[in-house]
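Start at 1 with the first residue, then count along the sequence. In each ligand, atom 1 is the first atom listed, and ligand 1 is the first ligand listed.
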Amino acid sequence: MKQAASKPRRLVGKGMVRVDADGKVRGRTRYLNDIAYKGLLHGVVVRSPVARGIFKALVPDPAFDWSKVVLATAADIPGENVVHMHDRTMPLLAEPGGELRYRGEPIAVVAAKTPELAAEAAARLRIETEELPPLLTLQEAIAVFKKSPKRFDSMKDQDIVKGDLAKGFADADDVLEAEYWAGHQEQLYIENQGFVVFPQKDGSIFCEGSLQCPYFPVHELNDALRLPPEKIRVRQTPVGGAFGGKEEYPTMLVGYAALPALKSGKPVKITYDRHEDILFTPKRHPVWVRFKTGFKKDGTLTAIECDFILDGGAYLTISDVVMFRGILHCALAYRCDNVVIRGRVARTHSFPCGAFRGFGAPQAIWGLESHIDAIAARIGQSPHAYRRRIHARPGDVTPTGQILSTENGSTACLDLALKRSDFARKLQQASRGRLRKGQKKFYGIGLSFFAHGAAFTGDGEAKFKAKGRMELALLDDGNPGVNIRVSSTEMGQGVHTIFTQIAADALSLDPARIRYPMADTGLVPNSGPTVASRTTMVVGNVVHRASQDLKSQMEAFASLRFFRGEKSVLKNSQLTAKGRKPVAFAKVARAMLDELGDVNGFFEFRLPPETRWDQATFKGDSYPGYSWSANVAEIKIDPLTCELAVTRVTAVVDVGRIINPILAAGQVEGGLTQALGYAVMEKIATGKNGLYDASRLQTYIIPTALDVPEYDVKFVEYPYSYAPPGGKGLGELPMDGLAPAIANAVEAAVGKRLRTIPITPEALFEALHPAPGGTP
Ligand code: MOS
């Protein structure tokens with residue numbers, strides 16, 4: 001026997017070309033707005049003109065011919081007027097007599113044969129309101145919080161308590177307290193939001209559009225539309241970027257489009273242009289975070305006290321879980337026995353904030369990693385030596401009492417990042433506010449170190465039990481192959497490719513015989529939303545196990561029907577048996593399909609039985625596994641214009657087993673670039689009129705290719721062995737730590753610590769040239 005020839009080829013770990021590359025590169029992939037639907041109505045959302053007020057009445061202009069359009073209001077909602085995300089407070093459309101809680105809150109939907117006619121009709125609706133004074137920003141909410149905490153309006157509170165905080169402060173030689181702020185951030189996916197809803201004869205609806213979580217609309221609109229889950233079918237169209245922005249919001253679009261669709265019996269499509277998309281879809285939550293830390297002379301942390309408050313906007317939607325992820329990351333990466341973290345979600349009269357890559361963790365790590373540098377400076381230690389001493393490693397206990405496992409590259413990430421960036425030597429060259437001889441720009445270098453919890457928070461995965469199947473079928477070319485049937489969506493991150501690699505390896509099948517059809521809730525089991533850095537780790541394991549299940553079914557069948565009971569193995573697309581001529585996969589597959597009809601491998605994800613989580617006390621194993629990273633940023637600042645350029649970023653990353661190194665590096669570079677924008681450019685806030693003060697690509701500035709620094713990305717692999725192939729979660733981690741690394745580099749460059757991001761040239765100018773007697 002020739003061993004070498006029959007050894008299965010492995011795809012996991014290789015840079016296989018994206019399975020969606022051809023269609024995307026050639027422009028053949030059809031996004032929602034490329035699809036020519038027939039007989040469509042176009043929907044326009046009519047919105048509150050005030051940030052807060054009583055909704056008195058909606059008055060249609062009698063001079064307009066309303067028979068040409070479909071007008072849907074709250075009165076047309078078939079069931080209860082509620083969208084049940086994480087609570088049941090948010091109406092689908094505002095009710096006359098009720099309170100309008102944010103500018104742009106939907107009041108009605110108008111649908112017509114052309115978008116122009118729908119827009120004209122919308123403009124012919126007069127909205128009568130009685131305005132009330134709004135509370136628009138987190139700054140205003142925090143002012144209330146500090147002055148009279150009892151009046152502070154929190155939609156959700158959660159504390160984490162470890163050890164004895166008072167004892168921790170009593171043991172401290174020194175105490176450092178500081179506050180950190182960050183503003184909104186817009187996801188700015190290339191493809192704007194859009195959905196189309198087709199009413200069906202049986203009263204159900206079929207919907208398709210650009211989204212991350214096909215099962216969300218299925219389960220969040222049942223009461224409003226008075227339809228059970230099986231009567232709301234959702235299919236994904238190709239997604240031109242999402243980054244969290246298409247996590248919870250598409251449910252709203254489905255709800256808005258469903259109302260005129262159900263009323264008229266005609267399909268209704270709603271798509272936003274860029275202006276409407278920026279103004280009226282969720283952003284990253286602004287944060288105020290205050291750290292009060294106690295430490296020994298040598299820097300040993302004895303106490304961490306933290307207040308973490310997010311601006312949730314007008315309704316909770318999913319902000320409770322964003323805050324949970326935030327507080328779980330506020331003190332995660334360092335050793336400390338006494339910790340109190342208090343999380344709150346402030347209610348404001350601004351657009352509800354939502355999911356954006358990182359989901360609370362970037363806000364937490366922004367504060368913590370700035371603060372750790374500040375402590376190092378106070379005790380006279382270098383930021384790298386200090387982190388090397390106090391960082392969490394295997395065996396350490398997190399603030400919720402979880403013992404960190406050995407599958408943990410924390411030290412490896414930190415050490416390799418310091419080495420590759422030559423950090424210690426370069427830090428000596430930092431300008432510290434004084435140009436050296438021959439220097440035209442201030443130079444600085446900064447470090448951050450952090451972890452990201454992979455998969456759902458707490459017992460989320462234990463309760464959810466992600467399901468998936470691998471379906472033996474005749475493919476588009478008429479020949480047998482396997483369909484991957486999970487609800488994970490491709491949004492550019494590469495899941496169609498890496499699941500093909502995982503399935504091909506687990507089946508030992510040619511990847512050309514594997515397809516990944518668009519997720520469709522009518523056809524795929526619920527493997528969960530494509531969020532929370534859970535896809536590779538959790539659903540990747542479901543694909544691996546379901547593939548193994550299908551493989552053994554095929555082997556059993558081949559043994560019986562082709563090999564007279566001799567044990568059979570599927571290897572390199574052939575069914576083999578000792579002493580027999582191998583039979584091609586296609587032949588066995590056809591025989592199986594003929595005889596059995598449906599053939600599926602199946603798996604349901606379980607957490608290890610020893611996993612513990614108590615939601616009431618927030619104690620236990622807060623995540624199944626942790627990814628780790630260290631970032632080093634090098635920057636230059638022009639002393640005259642205060643322009644800041646990030647010149648080089650080193651990122652060493654432990655996300656467990658790397659399935660596709662090219663896609664993984666791309667994920668890291670993309671996330672770092674979004675974090676670069678968060679740190680130094682992207683500025684958007686709720687203005688006095690209740691609208692975001694940047695609403696176009698002209699005014700919302702993001703990094704371009706010219707702003708992207710030289711990236712040095714390296715992986716160290718500490719796989720999650722419980723769930724082969726062992727990925728730990730990569731999507732969000734690259735977004736988490738660059739902002740504080742840049743702020744720390746700014747401090748090294750100019751000798752001043754900035755505690756608010758983005759650090760724009762204007763902010764730097766004010767910091768470096770404080771006007772005598774106050775703000776310039
Ligand atoms: Mo995400 S930010 O968990 O879509």
Q.
Quick check on the 6.0 Å ring-centre criterion: do His184 and Tyr692 meet it?
A. yes
Q: Check side-chain hydrogen bond (donor to acceptor under 3.5 Å, both in side chains) between Glu732 and all other residues, then give those that pass, not counting sequence neighbours.
A: His452, Ser533
**Q.** All ring pair (Phe, Tyr, Trp, His ring centres under 6.0 Å) counterparts of Phe715, not counting sequence neighbours
**A.** none
Q.
Can you list everything that forms a ring pair (Phe, Tyr, Trp, His ring centres under 6.0 Å) with Tyr102? Sequence neighbours excluded, please.
A. Phe351
Provide, line by line, the atom pairs where ligand 1 and the protein bring an N/O atom each to a distance under 3.5 Å; else say none.
residue: ligand 1; atom: 3 (O); partner: Glu247; partner atom: OE1; Å: 3.2
residue: ligand 1; atom: 3 (O); partner: Ala532; partner atom: N; Å: 2.8
residue: ligand 1; atom: 4 (O); partner: Gln212; partner atom: NE2; Å: 2.9
residue: ligand 1; atom: 4 (O); partner: Glu247; partner atom: OE1; Å: 2.5

(Q) With a 6.0 Å cut-off on the ring centroids, do Phe605 and Phe464 count as close? (A) no
**Q.** Aromatic contact, Tyr678 with Trp366 (centres under 6.0 Å)
**A.** no
